[in-house]
Amino acid sequence: MSWNRASSLAAFARLWGSLSFRLTAWYALAALTLVFLATASLYLVLTTELERSTDLFLADKLHVLRTMLRDRPNDWDALREEVELETAARRYEHFYIRLLDEHNRPVLTTPGMTDQLDLNQLARQTRDRPDRPIAMFGKRGQSFRVARATALVGTPPTQTDTIQIAIDLSEENGLLARFRIWFWGILIAALAVCPVAGFEIARRGTRPLAEMAATTRRITSNNLRERILTEGYPSELASLAATFNKMLDRLEDSFERISRFSGDIAHDLRTPVNNIRGEAEVALARARTIDEYRDVLESCLEEAVRLSELISNLLFLARTESPFTHLNRERVDVSALLGALQEYYEASAAEGGISLTTNVESPVVAELDRTLLQRAVGNLISNAVTHTPPGGSVVLASRVDNSTVCIEVNDTGVGIPPEALPRVFDRFFRVDTSRSQASGGTGLGLAIVQGIMLLHGGRVDIASRVGVGTRVTLRLPALNEGDNNVIPA
Ligand SMILES: Nc1ncnc2c1ncn2[C@@H]1O[C@H](COP(=O)(O)OP(=O)(O)OP(=O)(O)O)[C@@H](O)[C@H]1O
Ligand SMILES: [Mg+2]
């Protein structure tokens, strides 16, 4: 028994979990309540209006009789007409009147009144409520509305008579009974129709959701092309579908980048490994002199160094992109750091016939990871030196611009063509593959710079003109408010 209850509860919970079911239930409940309230209030209005019109009829009759008794007390024909005959002429509205004299003796009575009503009971019940109609049951159980009133006879009055009046409500009750049947009929019909209509509305309303779910099921990592067609959808669902499609665009883009990246890694790892293998195979093909072996080993070492550089760059890049990477932030004198880097790269710049200078207006401090920033600026200097022909110059600069610390590396090198500029931060991207290969570049330097800047909450911008030179700007958020980025001279 309890298992049955538990399983039906679980089934209901499952049903309630469905949006269509909930919409249907709420719609049916709302529609049924509305139908019930409408018919019930109509019924209420009808009963009160019927009662009011009955009471008005009684009051009207009493008024007529009173006027007659006052103005024409001896016109018995008229009185008899009013009391005995008029009701007989009516088909549906049966009323009964009894006129009693001062000593409570009946003077005139509508025929059949004594058969219908217990007149003693009528007298008792209406005694304390003159002129106020009340409900009463007849001898055969029919409903009556009865009233009692006193009437002055003659002008000036000679005596006071009593009028008892009763109206049979059978016709009205019949009308109300028919109305009640309609009322229940409408309710039962609504009970049958509302859930069906509600279900149809819910089904139509949630159809786009089902279509979206079907499209989503078709999306896999191999099939990211699929999109939801938003035409004809209601605006709320169209915006949901559009948001979903945008997310798919981003996913597709990321997947494409990742697969390109893996392809590039495989390619870049294969080249040095193949070189080492080829050289070793050639060396082992026959006996070699010591010097020849040394040459081969040196060449292998070079390739191994390149390989390990590539791997460490990749690892470093992965680290900069990890959300768990911790920054060792400290107050760093950026101008001093640029000075140190200038000293470090001076020799290689001089070797290429390039002048390397630092241009710092006033010393600048920023809170950042010293090692990472050294690496970022080092990559930029190395790029500038590599791509600047002899006689050119590389200038390092730093300044504070609108609460942003800017570090610039300018060169008068070969520049980057405009079509290549948006891609230089992509991993493994090299403008001229053969030239960069010769200079040993892995194509990861600028991607690393960008990763480091993002870690610091900053950004990197590049501007370049072919044959004129390149300027790379690192922008970092300044120190907390109240701190000063510029050290007083
Ligand atoms: N200052 C510059 N002048 C001209 N071209 C540049 C400059 N800096 C970068 N580039 C171009 O952008 C490409 C990408 O630079 P990036 O530093 O990412 O890679 P790389 O220097 O080739 O290799 P790595 O830095 O990993 O050793 C370079 O191959 C080069 O073509
Ligand atoms: Mg580089």
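Numbering of ligands and ligand atoms starts at 1, following listing order.
Panel detail: the Mg ion (ligand 2) has protein N, O or S atoms under 2.8 Å away, 1 in number.
By the side chain to side chain donor-acceptor pair (under 3.5 Å) test, Arg217 is found to be paired with no residue, residues two or more places apart in sequence or in another chain being considered. In this view, Thr325 and Arg319, Ser322, Leu455 satisfy the side chain to side chain contact (heavy atoms under 4.5 Å, CB included) rule, not counting sequence neighbours.
Taken from CE in Met453 to CZ in Phe425, the straight-line distance is 10.5 Å, to the nearest 0.5 Å. For the atom pair CD (Glu408) and CZ (Arg475), the distance works out to 7.5 Å, reported to the nearest 0.5 Å.
Between Gly445 and ligand 1, at least one pair of N/O atoms sits closer than 3.5 Å. Polar contact with ligand 1: present for Gly443 (N/O pair, distance under 3.5 Å).
Contacts of Asp411 with ligand 1, taken as heavy-atom pairs under 4.0 Å, involve the side chain alone. At a heavy-atom distance under 4.0 Å, only side-chain atoms of Thr470, from C-beta outward, approach ligand 1.
Pairs of residues two or more places apart, or lying in two chains, that qualify as side-chain hydrogen bond (donor to acceptor under 3.5 Å, both in side chains) and include a residue from residues 230-245 are Glu211-Tyr233.
Residue contact check: Phe429 has heavy atoms under 4.0 Å from atoms 13 (C), 14 (C) of ligand 1. Interface atoms of ligand 1 facing Thr442, defined by a heavy-atom separation under 4.0 Å, are 23 (O), 24 (P), 26 (O), 27 (O). Residue Arg430 has at least one heavy-atom neighbour below 4.0 Å for each of these atoms of ligand 1: 22 (O), 29 (O). Distances below 4.0 Å separate heavy atoms of Val424 from the following atoms of ligand 1: 12 (O).
Between Arg430 and Asp268, at least one side-chain nitrogen of the basic residue sits less than 4.0 Å from a carboxylate oxygen of the acidic one, meeting the salt-bridge criterion. Using a cutoff of 4.0 Å between basic side-chain nitrogens and carboxylate oxygens, Arg204 and Glu200 are scored as salt-bridged.
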Query raised in the report: Under the salt bridge (charged side-chain N to carboxylate O under 4.0 Å, His left out) criterion, do Arg52 and Asp55 qualify, and how do the steps go?
Result: CA-CA 5 Å; Arg52 205 172 69 91; Asp55 291 355; over 6 Å; no
Query raised in the report: Can you check salt bridge (charged side-chain N to carboxylate O under 4.0 Å, His left out) on Asp253 and Arg257, steps first, answer last?
Result: CA-CA 6 Å; Asp253 188 50; Arg257 275 160 181 266; 3.4 Å; yes
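Using a 4.5 Å heavy-atom threshold, the side chains of Glu51 and Thr47 count as separate.
Between the side chains of Glu309 and Thr442, not a single donor N or O lies within less than 3.5 Å of an accepting N or O.
For the pair Gly413 and ligand 1, no heavy-atom separation below 4.0 Å is found.
When the heavy atoms of Leu444, Asn383, Val431, Leu310 are ranked by distance to atom 31 (O) of ligand 1, first place goes to Val431. The option with the heavy atom closest to atom 16 (P) of ligand 1, from among Thr386, Thr412, Leu421, Leu446, is Leu446.
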